[in-house]
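What follows is a single structure, written as structure tokens, with notes after it.
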Amino acid sequence: MSQNDTLLTVDRLSLRFGRGEEAADVLHEVSFTVAPAAGASAATEVFVTLENGSTTWYPCTLAAGTWTCAIGGAVDTLDADELRVVAAQ
């Protein structure tokens with residue numbers, strides 16, 4: 001397999017910033033759908049990172065076909081310069 005092989009497609013991306021009493025300048029949640037490439041199995045584990053070069057990965061949970069990753073305000077919106085998704089089958 002080459003580095004450019006597509007194993008999954010991320011679609012319907014949603015970012016949730018602060019609302020109500022939450023700080024609006026940080027990310028609280030990232031949601032998206034993941035579709036496996038033809039012939040591949042569905043993902044059973046998904047993690048995301050939001051900052052280039054970061055070693056912090058946020059686990060995601062699956063509900064009703066959408067993966068949701070709780071960020072909990074740990075990433076400033078100005079620092080979120082990359083969305084990297086890792087999915088395991």
Side-chain angles (χ1 to χ4, degrees):
M1 177 182 337
S2 77
Q3 182 176 353
N4 295 324
D5 286 344
T6 300
L7 300 178
L8 59 91
T9 301
V10 174
D11 195 13
R12 298 183 185 163
L13 176 64
S14 171
L15 303 174
R16 185 172 71 79
F17 303 94
R19 62 181 173 206
E21 297 296 317
E22 297 173 331
D25 59 345
V26 294
L27 285 168
H28 292 276
E29 184 177 276
V30 176
S31 300
F32 50 87
T33 59
V34 173
S41 300
T44 58
E45 290 184 279
V46 174
F47 297 85
V48 299
T49 188
L50 298 165
E51 298 174 84
N52 185 24
S54 175
T55 58
T56 302
W57 290 87
Y58 300 93
C60 307
T61 56
L62 179 63
T66 298
W67 288 94
T68 300
C69 318
I71 308 304
V75 177
D76 187 293
T77 56
L78 295 177
D79 294 332
D81 60 353
E82 173 180 82
L83 172 62
R84 182 169 292 191
V85 178
V86 173
Q89 301 165 319

(message) So, using side-chain hydrogen bond (donor to acceptor under 3.5 Å, both in side chains) as the criterion, who are the partners of Thr68 when residues are at least two apart?
(response) Ser31
Please list every donor-acceptor pair under 3.5 Å in which a side-chain atom of residues 79-87 meets a protein atom from a residue at least two apart or in another chain.
{"residue": "Asp81", "atom": "OD1", "partner": "Asn52", "partner atom": "N", "Å": "2.8"}

(message) Less than 4.5 Å apart, side chain to side chain, heavy atoms only: is that true for Ile71 and Val30?
(response) yes
(message) How close do Cys69 and Phe32 get, counting heavy atoms only, and between which atoms?
(response) SG-CE2, 3.7 Å
(request) First locate atom OG1 of Thr33, then atom CG of Leu62, and finally report the distance between them rounded to the nearest 0.5 Å. (result) 10.5 Å
(message) Quick one: does any side-chain atom of Thr77 pair with a main-chain N or O of Leu27 as donor and acceptor, under 3.5 Å?
(response) no
(request) Would you mind listing every side chain to side chain donor-acceptor pair (under 3.5 Å) that reaches into residues 54-67, with sequence neighbours excluded? (result) none
